[in-house]
Asker: 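Got a structure here, written out as structure tokens. Questions coming.
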Amino acid sequence: MRARPLGRTGLQVSEIGFGAASFWGHPAFPEDEARRLIDRALDLGVNFLDTGPAYSRGRAEGRLGRALEGRDLSGLVLATKVGTRFDAGRVRRDMSLSGIETSLERSRRRLKLESLPLVHLHGPSVEELTPDFLGGLEQLRARGLFRHLGVNSFDPAVIEFALSLPGIDTVMVDVNVLRPGRLPLVARAAEAGKGVLAGMPLAMGHTAPRRLRDLRPSSVWYALRALKNHRADMVLGRRFRFLHDQPGITGAQALLAWVLAVPGVSAAIAGTTRMRHLEENLQAAGLSLPESLAERIAAEQARD
């Protein structure tokens with residue numbers, strides 16, 4: 001596993017991180033299996049773990065804390081979110097400073113940390129990023145509740161605005177073969193000295209052929225989520241099915257290698273509930289795409 005600098009934070013992060021979210025944190029996925037995935041990821045050199053209090057119906061963050069019990073956390077970079085939480089059956093937004101302070105305290109307890117290494121504002125609007133709000137966040141940072149601050153948004157306008165803010169250290173944005181339009185934004189973020197974390201590097205599985213006979217709970221869960229929220233991406237992903245039929249490289253490895261070749265990306269964050277997929281994904285570290293495959297990806301992207 002190779003490490004990359006996370007912008008100007010002084011942190012070095014594994015170029016592939018683990019996303020502790022989605023079905024990994026769901027109660028239907030056994031906790032001992034979830035822990036084994038974390039153990040294996042760390043054994044293979046992953047030091048960046050991303051989670052949040054709203055993920056997996058509010059269970060992911062606590063599960064990650066339990067999975068790390070007994071470990072030396074000094075070499076790990078744990079990232080979580082503020083501004084959203086799961087409560088009373090749904091995800092709720094709260095970008096108030098008091099709500100964020102409460103969220104930080106809860107995350108510290110769940111993750112068993114005195115100070116959170118990295119916290120992302122989860123889906124803020126430009127209008128919410130006022131000087132008073134940002135000043136309040138700096139007061140929370142000065143109290144030692146967290147060390148580094150970022151913005152996680154899939155709205156390019158929000159990320160663009162965040163690049164102008166000196167107190168924002170990192171940005172987390174969707175970067176994958178379905179989003180070539182993000183590349184100029186990533187370049188500007190890197191030029192501004194921000195660490196860039198690539199969310200959804202596997203394009204949420206939309207490039208992979210669907211196996212209708214796969215009735216494992218995780219597969220059904222992800223398929224239903226895609227049908228509900230990402231139908232346009234499912235259609236677009238069919239154009240990249242060729243990535244899953246290449247010699248010497250899996251589809252997931254090709255997707256990750258493409259993201260990691262984007263200048264300015266610090267790390268690609270991918271989650272999974274299958275050990276085989278985890279090990280295959282991590283083999284993409286340091287992998288270069290064959291030139292012919294990169295050209296074919298570019299040709300498909302240029303069709304839009």
Side-chain angles (χ1 to χ4, degrees), residues 19-27 49-65 78-111 113 116-141 143 145-165 167-175 179 182 185 189 194 196-200 204 221 224-226 228-230 232-233 269 271:
S22 301
F23 200 75
W24 176 89
H26 198 281
L49 303 170
D50 179 69
T51 191
Y55 292 156
S56 310
R57 299 180 66 84
R59 295 179 171 91
E61 196 176 57
R63 174 170 279 191
L64 179 59
L78 303 187
T80 191
K81 313 292 189 306
V82 292
T84 58
R85 70 183 191 279
F86 190 85
D87 184 44
R90 66 183 181 89
V91 175
R92 300 177 186 271
R93 293 184 82 256
D94 184 357
M95 284 289 170
S96 68
L97 288 171
S98 61
I100 287 174
E101 181 177 2
T102 298
S103 183
L104 290 168
E105 294 290 5
R106 289 173 176 168
S107 294
R108 291 168 69 205
R109 288 196 298 270
R110 292 178 186 135
L111 296 172
L113 291 167
L116 298 164
L118 174 60
V119 171
H120 283 105
L121 300 170
H122 197 194
S125 66
V126 169
E127 293 73 22
E128 287 170 320
L129 299 175
T130 65
D132 285 347
F133 175 71
L134 295 168
L137 292 175
E138 289 304 324
Q139 291 179 20
L140 296 175
R141 188 190 330 228
R143 286 170 48 192
L145 300 187
F146 65 91
R147 295 196 291 278
H148 300 288
L149 180 65
V151 169
N152 176 197
S153 176
F154 298 152
D155 181 346
V158 172
I159 297 297
E160 195 75 62
F161 183 74
L163 301 186
S164 69
L165 302 175
I168 299 299
D169 305 304
T170 63
V171 293
M172 188 172 188
V173 63
D174 49 339
V175 182
R179 304 278 192 276
R182 299 289 191 260
L185 185 59
K194 313 298 185 185
V196 179
L197 298 164
M200 298 197 294
M204 299 188 74
W221 187 88
L224 291 175
R225 185 178 69 169
K228 179 182 177 183
N229 300 323
H230 304 285
D233 284 339
I269 313 305

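In this chain, numbering begins with 1 at the start of the sequence shown.
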Asker: State, with a plain yes or no, whether a side-chain heavy atom of Leu137 is found less than 4.5 Å away from one of Leu97.
Answerer: yes
Asker: What are the two closest non-hydrogen atoms of Ser56 and Ala21, and how far apart are they?
Answerer: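 What the structure gives for the nearest pair is OG-C, 3.4 Å.
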Asker: Is there side-chain contact between Arg106 and Val82, with heavy atoms separated by less than 4.5 Å?
Answerer: no
Asker: Any side-chain heavy atom of Asp233 sitting closer than 4.5 Å to one from Met204?
Answerer: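 No; the side chains remain at least 4.5 Å from each other.
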Asker: For His148 and Thr170, does a side-chain donor sit closer than 3.5 Å to a side-chain acceptor?
Answerer: no
Asker: Using the rule given for side-chain contact (heavy atoms from CB on, under 4.5 Å), can you reason through Trp24 versus Arg63, listing the C-alpha separation, both sets of side-chain angles and the distance that settles it, and then say yes or no?
Answerer: CA-CA 9 Å; Trp24 176 89; Arg63 174 170 279 191; 3.5 Å; yes
Asker: Flag the pair Lys81 / Asp50 as yes when at least one side-chain heavy-atom distance between them is below 4.5 Å, and no otherwise.
Answerer: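 Yes; the side chains approach each other to less than 4.5 Å.
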Asker: Quick one: closest heavy-atom pair of Ile100 and Gly83, and the distance?
Answerer: CG1-N, 4.4 Å
Asker: How far does CZ of Arg85 sit from CD of Glu61, to the nearest 0.5 angstrom?
Answerer: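 If I round to the nearest 0.5 Å, the distance is 13.0 Å.
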Asker: Is Arg90 close to Arg92 at the side-chain level, that is, under 4.5 Å between some pair of heavy atoms?
Answerer: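 Sidechains of Arg90 and Arg92: in contact.
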Asker: Mind listing the closest non-hydrogen atom pair of Ala20 and Leu64 along with its distance?
Answerer: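 Looks like CB-CD2, 4.1 Å.
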Asker: Using side-chain heavy atoms (C-beta onward) and a distance below 4.5 Å, is Asp155 in contact with Phe161?
Answerer: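 A side-chain contact is absent here, since even the closest heavy-atom pair is not under 4.5 Å.
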Asker: Ignoring hydrogens, what is the shortest heavy-atom contact between Ile168 and Ala162? Give both atom names and the distance.
Answerer: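 Closest approach of Ile168 to Ala162, heavy atoms only: CB-O, 3.9 Å.
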Asker: Taking all atoms of both residues into account, what is the closest heavy-atom pair of Leu78 and Pro117, and its distance?
Answerer: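 Heavy atoms only, the tightest pair is O-CD, 3.4 Å.
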Asker: Taking atom NE2 of His120 and atom OG1 of Thr51, what is their separation to the nearest 0.5 Å?
Answerer: 13.0 Å
Asker: For the atom pair CG (Leu140) and CD (Glu105), what is the distance rounded to the nearest 0.5 Å?
Answerer: 9.0 Å
Asker: Are Arg59 and Phe86 side-chain neighbours, meaning at least one heavy-atom pair lies under 4.5 Å?
Answerer: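 No - every pair of side-chain heavy atoms lies 4.5 Å or more apart.
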Asker: Taking His122's backbone N and O only, do any of them form a donor-acceptor pair with Asn152's side chain (distance below 3.5 Å, no angle check)?
Answerer: no
Asker: If I compare all heavy atoms of Arg147 with all of Arg141, which pair ends up nearest, and what's the gap?
Answerer: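 Heavy-atom minimum between the residues: O-NH1, 3.0 Å.
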Asker: Are the side chains of Met200 and Phe154 in touch, meaning some heavy atoms are under 4.5 Å apart?
Answerer: yes
Asker: Please check this pair: side chain of Ser153 against backbone of Gly123, looking for a donor-acceptor N/O pair closer than 3.5 Å.
Answerer: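 Judged by distance alone, no pair lies under 3.5 Å.
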Asker: Return the CG to CD distance between Leu134 and Gln139, rounded to the nearest 0.5 Å.
Answerer: 11.5 Å
Asker: If you round to the nearest 0.5 Å, how far is CG of Leu116 from CG of Leu145?
Answerer: 7.5 Å
Asker: Is Ser164 reaching over with its side chain to a backbone N or O of Glu160, donor-acceptor style, under 3.5 angstrom?
Answerer: no
Asker: In Å and rounded to the nearest 0.5 Å, what is the OG1 to OH distance from Thr80 to Tyr55?
Answerer: 8.0 Å
Asker: Dump the intermediate steps for side-chain contact (heavy atoms from CB on, under 4.5 Å) on Leu121 and Phe133, then the final yes or no.
Answerer: CA-CA 12 Å; Leu121 300 170; Phe133 175 71; 4.0 Å; yes
Asker: Test side-chain contact (heavy atoms from CB on, under 4.5 Å) on Leu185 and Val175; report intermediate values, then the result.
Answerer: CA-CA 10 Å; Leu185 185 59; Val175 182; over 6 Å; no
